[in-house]
Amino acid sequence: MLDIQLLRTDLNHVTKKLASRSYRFPIEKFNQLEADRKKIQTQTQELQAKRNAASKLIGQAKSKGEDATSIFTEVASLGDELKQFEIILGQIQSELQNILLEVPNLPHDSVPEGSGEEDNQEVRRWGQIRSFNFEIKDHVNIGESLKLLDFETAVKLSGARFSLIKGSLARLHRALTQFMLDTHVQEHGYTEIYAPYLVNRDSLQGTGQLPKFEEDLFVVNTAGKTAHGDKNTTGFYLIPTAEVPLTNIIRNEIVALKFLPMQFVAHTPCFRSEAGSYGKDTRGLIRQHQFDKVELVHIVHPDQSYEALETLVNHAEKILQKLELPYRVMTLCTRDMGFSAAKTYDIEVWLPAQNTYREISSCSNCESFQARRMQARFRNENGKTTLLHTLNGSGLAVGRTLVAILENYQNADGSVSIPEVLQPYMNGLDLLRIVGGQ
RNA sequence: GGAGAGAUGGCCGAGUGGUCGAAGGCGCUCCCCUGCUAAGGGAGUAUGGGGUUUAUAGCCUCAUCGAGGGUUCGAAUCCCUCUCUCUCCGCCA
């Protein structure tokens, strides 16, 4: 959420910035609501002050045993009028709130303007792209011919965009998450978190998935309770990313300066409806309704958030370096960034079968955008409560990492070598190949 | 699932219709005193809005005692709904 003060004092600049990420801010409506709000709020508060003062006088008079009927009759008529004002004010404020909740974050000045993927800027590349002297296969062919990937059964169990991973490949998948968690905890100093996979509306509103992106989420309705519908009913949403529970740790908190910065890491499944992505990445593990991810979240002092963003990306890159997978880092342009982000780096891993780099991590600085929605604050050097800055990034998407390993480490005989750093997690196994009886 | 109890400021805890944003204690901050660690005295110490203002200063004001609604001139206190916590029983990974 943007600072409403900014909208009041510098609306032109803000709307221009928003336009660069193709968001049209409803200027007229906002101005009208603000004007109404100011008028009604002032009047409401005057009436409230009047009522409070009179009530106090009645109380004083009664305690002295005096007669209070004159004040009483004066204030009795106030009630209905005040109620009308309060109702109207409430409506205006919730309309304003609804507008604000749908406005995306402002891009940082260093973010390139652009209209889509093609305007993202490459920051750096790492690793040597391997040249193959045989006909390469994509990860689906590799996995299926090794009998370790079974999409047919997954369709039977659930439907499209689900997968069944078997045997040593399932173990490799598990090895990857262990390896990622260990690296971030032991080498990068993160606090490991085990968090809920089901969260409430407030949490999703805090990080920005709600109210605007409801259709991207899976909703769980338990007996008699629904997540959407009535505001005061309760139910759950499946998390689309661990960013939601990890960042919401500090919702409605005022943390002491000495606890900053915070770095959390968690491994969770992620659930996405993928509404509107029909026909995109229908093959293989790339785009699934359910996938595992190791997520990194930083909670930092506002002065340090851009430094933290670089650190965060480096932490994610470290995983690819250790796995010896070639990648590049991209700065997303204004129109390609997510709703809550002020600046985002994507890490894209090389996928030989697609002959291209594909997103495997997205690292964003949300500045105070999420913190304002969450009322997540800290007590600064002068003892004042101040909004925190929040950052999040994948470190990494496990399924896509598995894809990258299968494709980059494939051998001419159809087997797949196991990256050295993962072998200790595989009981020393160094090769995925067909074994009998699967 | 059944029965009962509860939710107040950083923490503990008082407060069952009026001068309560809230006694008291602990903690914390600042000051004073005491030649040390100890002890004592004083002051301060919730959050979010709005208005005014060059001002994150000051002043005025509103809201908030788990959340939402209601009764009332007036609600921490009464009523309703919900959420959460605790105790006992049952069930259970």
Side-chain angles (χ1 to χ4, degrees), chain A residues 1-10 30 33-97 99-101 194 196-203 205-206 221-237 248 250-259 301-303 368 371-388:
Chain A
M1 200 158 71
L2 300 181
D3 185 358
I4 193 166
Q5 297 297 350
L6 201 62
L7 293 165
R8 288 181 186 140
T9 55
D10 205 4
F30 176 79
L33 282 168
E34 258 297 289
D36 290 349
R37 191 225 92 226
K38 188 164 174 173
K39 200 175 74 193
I40 302 290
Q41 184 163 5
T42 306
Q43 289 172 332
T44 306
Q45 290 190 356
E46 273 168 14
L47 285 172
Q48 284 169 330
K50 206 161 149 191
R51 179 205 60 195
N52 290 349
S55 296
K56 202 170 232 181
L57 283 177
I58 293 171
Q60 283 168 350
K62 284 209 167 177
S63 70
K64 289 184 205 147
E66 292 167 5
D67 179 48
T69 44
S70 63
I71 319 168
F72 203 92
T73 49
E74 189 186 320
V75 85
S77 58
L78 231 73
D80 290 340
E81 196 187 1
L82 182 55
K83 185 155 284 177
Q84 286 312 306
F85 273 97
E86 282 174 344
I87 289 168
I88 294 167
L89 180 62
Q91 286 167 348
I92 293 170
Q93 281 178 328
S94 79
E95 270 190 73
L96 275 169
Q97 179 76 353
I99 291 178
L100 286 179
L101 283 172
Y194 172 79
Y197 303 157
L198 294 165
V199 295
N200 57 32
R201 283 191 73 90
D202 286 347
S203 292
Q205 182 171 300
N221 295 327
T222 48
K225 298 177 171 183
T226 53
H228 48 215
D230 288 352
K231 270 182 292 201
N232 52 359
T233 59
T234 54
F236 298 117
Y237 290 84
N248 275 279
I250 45 127
R251 172 153 55 84
N252 286 325
E253 299 289 337
I254 302 174
V255 305
L257 193 57
K258 64 179 174 186
F259 293 125
H301 190 291
D303 293 349
S368 61
R372 188 170 293 107
R373 291 171 159 254
M374 293 190 296
Q375 281 301 313
R377 297 147 296 167
F378 72 106
R379 215 167 279 287
N380 73 10
E381 300 78 356
N382 306 315
K384 267 198 103 94
T385 55
T386 312
L387 292 171
L388 288 156

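Every heavy atom of this structure was used, including side-chain atoms; hydrogens, water molecules and symmetry mates were not. Chain identifiers are assigned alphabetically (A, B, ...) following the order of the sequence lines, protein sequences preceding nucleic acid strands; residue numbering begins at 1 within each chain.
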Practice prompt. Find the partner of B:rG74: check Watson-Crick (N1-N3 plus N6-O4 or O6-N4) and G-U wobble (N1-O2, O6-N3) distances, both under 3.5 Å, and reply none if neither fits.
Written response: none
Worksheet item: When the distance from CD of A:Gln43 to P of B:rC60 is rounded to whole Å, what number comes out?
Response: 22 Å
Discussion item. For a quick check, tell me whether the side chain of A:Lys56 and the base of B:rG18 share a donor-acceptor pair closer than 3.5 Å.
Written reply: no
Fill in: Pairwise C1' distance, B:rG44 and B:rG10 [rounded to whole Å]
15 Å
Worksheet item: Hey, does the side chain of A:Asn52 come within less than 4.0 Å of B:rU61's phosphate (OP1/OP2), counting only N and O?
Response: no
Fill in: Atom C1', compared across B:rG21 and B:rG74: separation rounded to whole Å
16 Å
Discussion item. The test is side chain to side chain contact (heavy atoms under 4.5 Å, CB included); show your working for A:His301 and A:Thr386 and say whether it passes.
Written reply: CA-CA 9 Å; A:His301 190 291; A:Thr386 312; over 6 Å; no
Discussion item. Here's a test of your reading of the structure: between A:Gln60 and A:Lys83, which maps to the more 5' nucleotide of RNA chain B?
Written reply: A:Gln60
Item to complete: Nearest whole angstrom, please: distance from the P of B:rC62 to the NZ of A:Lys39.
Response: 21 Å
Worksheet item: Among B:rC73, B:rU56, B:rC62, which nucleotide sits nearest the side chain of A:Lys384?
Response: B:rU56
Worksheet item: Of all the nucleotides listed (B:rU71, B:rC73, B:rU56), which has the minimum atom distance to the side chain of A:Arg51?
Response: B:rC73
Response to the item:
When both distances are under 3.5 Å in a Watson-Crick or G-U wobble arrangement, the nucleotide paired with B:rU52 is B:rG58
Worksheet entry | Nearest-Å distance once atom C1' is located in both B:rG24 and B:rU81 | 35 Å
Practice prompt. Could you measure between the two C1' atoms, the one in B:rU83 and the one in B:rC73, and give it in whole Å?
Written response: 32 Å
Item to complete: Quick one: label A:Ala49 by what it contacts on the DNA or RNA (base, sugar-phosphate, nothing), any heavy atom closer than 4.0 Å.
Response: sugar-phosphate
Practice prompt. Give a yes or no on whether the backbone of A:Gln5 and the side-chain of A:Asp3 come within a donor-acceptor separation of less than 3.5 Å.
Written response: yes
Worksheet entry | Spacing between A:Glu46 atom CD and B:rG51 atom P, to the nearest angstrom | 13 Å
Worksheet item: Partner of B:rC11 by Watson-Crick or G-U wobble geometry, both contacts under 3.5 Å, or none?
Response: B:rG25
Worksheet item: How far does OG1 of A:Thr44 sit from CD of A:Glu81, to the nearest 0.5 angstrom?
Response: 9.5 Å
Worksheet item: Does the distance from a Lys or Arg side-chain N to an Asp or Glu carboxylate O, for A:Lys83 and A:Glu86, drop under 4.0 Å?
Response: no
Item to complete: Side-chain contact test, heavy atoms from C-beta onward, threshold under 4.5 Å: evaluate it for A:Lys50 versus A:Leu82 and give yes or no.
Response: no
Discussion item. If I pick the C1' atom on B:rU56 and the same atom on B:rA23, what distance separates them, to the nearest angstrom?
Written reply: 33 Å
Worksheet item: Separation of A:Glu86 atom CD from B:rA63 atom C1', in whole Å?
Response: 10 Å
Worksheet, complete the sentence: Contact string for nucleotides 45-50 of chain B, one letter per nucleotide 5' to 3', B = base within protein heavy-atom range under 4.0 Å, S = sugar-phosphate only, - = neither, reads --SSBB
Worksheet entry | Euclidean distance for P, B:rC59 against B:rU34 (whole angstrom) | 35 Å
Response to the item:
Closest to the 5' end of RNA chain B, once A:Val75 and A:Ala53 are matched to their nearest nucleotides, is A:Ala53
Worksheet item: What distance, rounded to whole Å, do you find between the two C1' atoms, one in B:rC26 and one in B:rC84?
Response: 27 Å
Worksheet item: Nearest-Å distance, CD1 (A:Ile92) to C1' (B:rA63)?
Response: 17 Å
Worksheet entry | Gap between atom CZ of A:Arg379 and atom CZ of A:Phe259 - 0.5 Å precision | 13.0 Å
Item to complete: For B:rA46, give its Watson-Crick or G-U wobble partner with both distances under 3.5 Å, or none.
Response: B:rU64
Worksheet item: Once you round it to whole Å, what is the distance between P of B:rU72 and CG of A:Leu82?
Response: 14 Å
Item to complete: Take atom CG of A:Asp80 as the centre, draw a 6.0 Å sphere, and report whether it contains more than 12 heavy atoms from other residues, nucleotides or ligands.
Response: no
Worksheet item: Looking only at side chains, do A:Ser55 and A:Asn52 share a donor and an acceptor under 3.5 Å apart?
Response: no
Discussion item. Is it the case that the side chain of A:Arg372 and the backbone of A:Met1 share a donor-acceptor pair, with hydrogens and angles ignored and the cut-off at 3.5 Å?
Written reply: yes
Discussion item. Please name the nucleotide paired to B:rG1 by Watson-Crick or G-U wobble geometry with both distances under 3.5 Å, or report none.
Written reply: B:rC89
Worksheet entry | Assigned partner base of B:rU37, Watson-Crick or wobble definition, under 3.5 Å | none
Worksheet entry | P-based separation of B:rG66 from B:rU77 [nearest Å] | 8 Å
Worksheet item: Separation of A:Leu89 atom CG from B:rA63 atom C1', in whole Å?
Response: 11 Å
Worksheet item: To the nearest Å, how far apart are A:Ile87 CD1 and B:rG69 P?
Response: 11 Å
